[in-house]
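Taking it in order: structure first as structure tokens, then the write-up.
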Amino acid sequence: MADDRFLGLPIRPITRRRIRNFKANRRGYWSFWIFVALLFVSLPAELIANDKPLLARYDGAFYFPVLVSYPESTFGGFLPTTDYTDPFIREEIESKGWIIWPPIPYSYNTFAKDIGGPAPSPPDGLHWLGTDGNSRDVVARLIYGYRISVLFGLILTVLSSVIGIAVGAMQGYFGGLTDLMGQRFIEIWGGLPQLFMLIILASVVTPNFWWLLGLMLLFSWTGLVGLVRAEFLRARNLDYVKAARALGVSNGTIMTRHVLPNAMVSTITFLPFITAGSVTTLTALDFLGFGLPVGSPSLGELLNQAKDNLHASWLGFTAFFVIAIMLSLLVFIGEGVRDAFDPRKVQG
């Protein structure tokens with residue numbers, strides 16, 4: 001048993017070797033930590049960019065507007081909802097207490113009233129990357145849009161991998177008619193113009209996060225089928241699989257406990273690239289207007305804003321660099337994972 005432990009569990013020598021190989025790829029290793037840091041910064045987006053205070057003290061009582069919706073009557077008004085950007089509400093609270101605002105006092109859908117000119121406005125001290133054509137803060141929309149894009153890509157990668165691995169495993173392990181019919185179906189299904197099909201389906205229903213996830217899942221699961229199928233075709237005739245069959249071990253147990261772990265080695269290396277492809281597809285749909293609902297924060301919508309406001313160069317540069325950095329990090333991570341699982345690379 002290995003001496004190294006993680007979370008109380010022993011780490012096998014082969015796992016230690018893979019970790020060393022991954023660390024040896026400095027570009028992939030640091031890209032992984034940068035990607036994780038950006039993700040953890042964007043996850044609590046409501047605490048970083050919001051037009052509601054984090055904490056307020058008014059008339060001797062504490063309030064948490066970022067978590068709880070209070071009627072305006074709580075702060076001396078009369079409306080059922082409270083607009084904390086209203087000068088009257090802000091002055092009323094500060095006259096009897098104080099307010100703690102997030103670092104960016106704008107949400108993704110906040111219409112900035114302090115730009116002092118036509119929208120889109122260039123970057124300044126209040127709006128670090130300017131505002132878009134609808135007077136919304138670009139930094140706030142980037143934080144929310146980055147979170148949606150990354151979570152969408154990760155969830156789609158997990159779901160499509162589960163389906164693709166299961167289908168590929170059944171085809172490769174059972175072979176024969178199962179493999180033949182499965183391959184013909186995948187050839188027909190994979191031959192469909194996926195982007196056009198997604199646009200047609202998205203125009204029939206009112207798209208939202210989960211609808212788009214389901215629509216893209218219809219086509220994204222085929223990516224890993226061929227790889228897993230090849231691994232199972234190779235392994236099903238090996239001696240240890242034949243020995244397990246002779247001992248009466250069930251097919252399900254052989255597939256999951258004996259063959260699948262070997263197939264996963266080559267499969268895991270493709271996951272970062274699948275995530276990058278998912279994010280790119282979502283961005284393309286949002287850019288074309290068939291993605292998330294109108295007004296939702298997304299990188300594709302920011303690209304569309306840049307296209308419609310060519311004079312506002314900061315919008316185009318911001319969208320380009322954010323998307324380029326995100327996809328580059330995912331590709332570099334994929335290269336690092338590939339090196340980690342490569343048996344030919346041995347680090348001391």
Pairwise side-chain contact, Leu151 with Leu43, heavy-atom cut-off 4.5 Å (strictly under): yes

Any donor-acceptor N/O pair, Arg90 side chain to Thr85 backbone, under 3.5 Å: no

Full working for side-chain contact (heavy atoms from CB on, under 4.5 Å) between Ser135 and Ile115: CA-CA 8 Å; Ser135 301; Ile115 59 177; 3.8 Å; yes

Contacts of type salt bridge (charged side-chain N to carboxylate O under 4.0 Å, His left out), residue Glu92, not counting sequence neighbours: Lys96

Pairs satisfying salt bridge (Lys or Arg N to Asp or Glu O under 4.0 Å), at least one member in residues 148-158, at least two apart: none

Exam field: side chain Asn134 to backbone Arg136, donor-acceptor pair closer than 3.5 Å: no

Heavy-atom side-chain proximity of Asp51 to Tyr84 below 4.5 angstrom: no

Student check: side-chain heavy atoms of Pro53 and Ile100 closer than 4.5 Å: no

Side-chain donor or acceptor of Glu72 paired with backbone N/O of Leu79 under 3.5 Å: yes

Any donor-acceptor N/O pair, Asn25 side chain to Gly28 backbone, under 3.5 Å: yes

Stepwise side-chain contact (heavy atoms from CB on, under 4.5 Å) check, Leu238 with Val259: CA-CA 10 Å; Leu238 295 180; Val259 183; over 6 Å; no

Asp239, CG atom: more than 12 neighbouring heavy atoms under 6.0 Å: no

Min side-chain heavy-atom separation Ser220-Leu156 under 4.5 Å: yes

Atom CH2 of Trp98: over 12 foreign heavy atoms under 6.0 Å: yes

Sequence-distant partners of Asp179, side chain to side chain donor-acceptor pair (under 3.5 Å), two or more places apart: Gln171, Arg229

Evaluation steps, side-chain contact (heavy atoms from CB on, under 4.5 Å), between Val150 and Ser42: CA-CA 10 Å; Val150 173; Ser42 65; 5.9 Å; no

Arg257, CZ: over 12 other non-hydrogen atoms inside 6.0 angstrom: no

Residue pairs passing the ring pair (Phe, Tyr, Trp, His ring centres under 6.0 Å) test where at least one lies in residues 118-166, sequence neighbours excluded: Tyr106-His127, Tyr108-Tyr144, Phe152-Phe209

Glu94 side-chain N/O to Ile99 backbone N/O, donor-acceptor pair under 3.5 Å: no

Between CG on residue Leu271 and CG on residue Leu224, distance to nearest 0.5 Å: 6.5 Å

Inter-residue atom distance Arg141.CZ - Leu299.CG, 0.5 Å rounding: 10.5 Å

Listed once per pair and sorted, the ring pair (Phe, Tyr, Trp, His ring centres under 6.0 Å) pairs that draw on residues 317-339, sequence neighbours left out: none

For the student: nearest non-hydrogen atoms of Ile104 and Val139, plus distance: CD1-CG1, 3.3 Å

Exercise: identify the closest heavy-atom pair between Lys52 and Ser69: NZ-OG, 4.2 Å

CG-CG distance between Asp286 and Leu303, expressed to the nearest 0.5 angstrom: 9.5 Å

Pair Thr110-Ser107, side-chain donor/acceptor within less than 3.5 Å: no

Approximate separation, where rounding is to 0.5 Å, of Ile333 CD1 and Ile34 CD1: 9.0 Å

Which atom of Leu198 lies closest to which atom of Leu215, heavy atoms considered: CD2-O, 3.5 Å

Of all pairs that satisfy salt bridge (Lys or Arg N to Asp or Glu O under 4.0 Å), the ones with a partner from residues 182-191, not counting sequence neighbours: Arg184-Glu187

With sequence neighbours excluded, residues passing side chain to side chain donor-acceptor pair (under 3.5 Å) with Thr267: none

For Val241 against Tyr173, the heavy-atom pair lying closest together: CG1-CE1, 4.4 Å

Nearest-0.5 Å distance, CG of residue Asp132 to CG of residue Asn309: 8.0 Å

For Ala49 against Ala140, the heavy-atom pair lying closest together: CB-CB, 3.9 Å

Salt bridge (Lys or Arg N to Asp or Glu O under 4.0 Å) pairs, two or more places apart, involving residues 322-335: Arg27-Glu335

Results of side chain to side chain donor-acceptor pair (under 3.5 Å) for Thr318 - residues two or more places apart only: none

Counterpart residues, ring pair (Phe, Tyr, Trp, His ring centres under 6.0 Å), relative to Tyr70 (two or more places apart): Tyr63

Close side-chain approach of His311 to Pro120, heavy-atom, < 4.5 Å: yes

Derivation and outcome, side-chain contact (heavy atoms from CB on, under 4.5 Å), residues Phe174 and Asn251: CA-CA 9 Å; Phe174 294 107; Asn251 290 327; 3.8 Å; yes

Spacing of CG belonging to Leu218 relative to CG belonging to Leu213, to within rounding of 0.5 Å: 10.0 Å

Beyond-backbone contact of Phe22 with Phe341, side-chain heavy atoms, under 4.5 angstrom: no

Student check: side-chain heavy atoms of Ile200 and Phe290 closer than 4.5 Å: no

Polar side-chain atom of Thr131 near backbone of Ser121 as donor-acceptor pair, under 3.5 Å: yes

Pairing residues for Arg57 by the side chain to side chain donor-acceptor pair (under 3.5 Å) criterion, not counting sequence neighbours: none

Minimum-distance pair of heavy atoms, taken over all atoms of Ile93 and Ala56: CG2-CB, 4.4 Å

Selection residues 262-287 - residue pairs positive for ring pair (Phe, Tyr, Trp, His ring centres under 6.0 Å), sequence neighbours left out: none

Whether over 12 other heavy atoms sit under 6.0 Å from Trp101 CH2: yes

Plane angle bin for Tyr29 and Trp33 - parallel if under 30°, tilted between 30 and 60°, otherwise perpendicular: perpendicular

Any donor-acceptor N/O pair, Thr82 side chain to Pro71 backbone, under 3.5 Å: yes

Side chains of Ser149 and Met326 in contact at under 4.5 Å (non-hydrogen atoms): yes

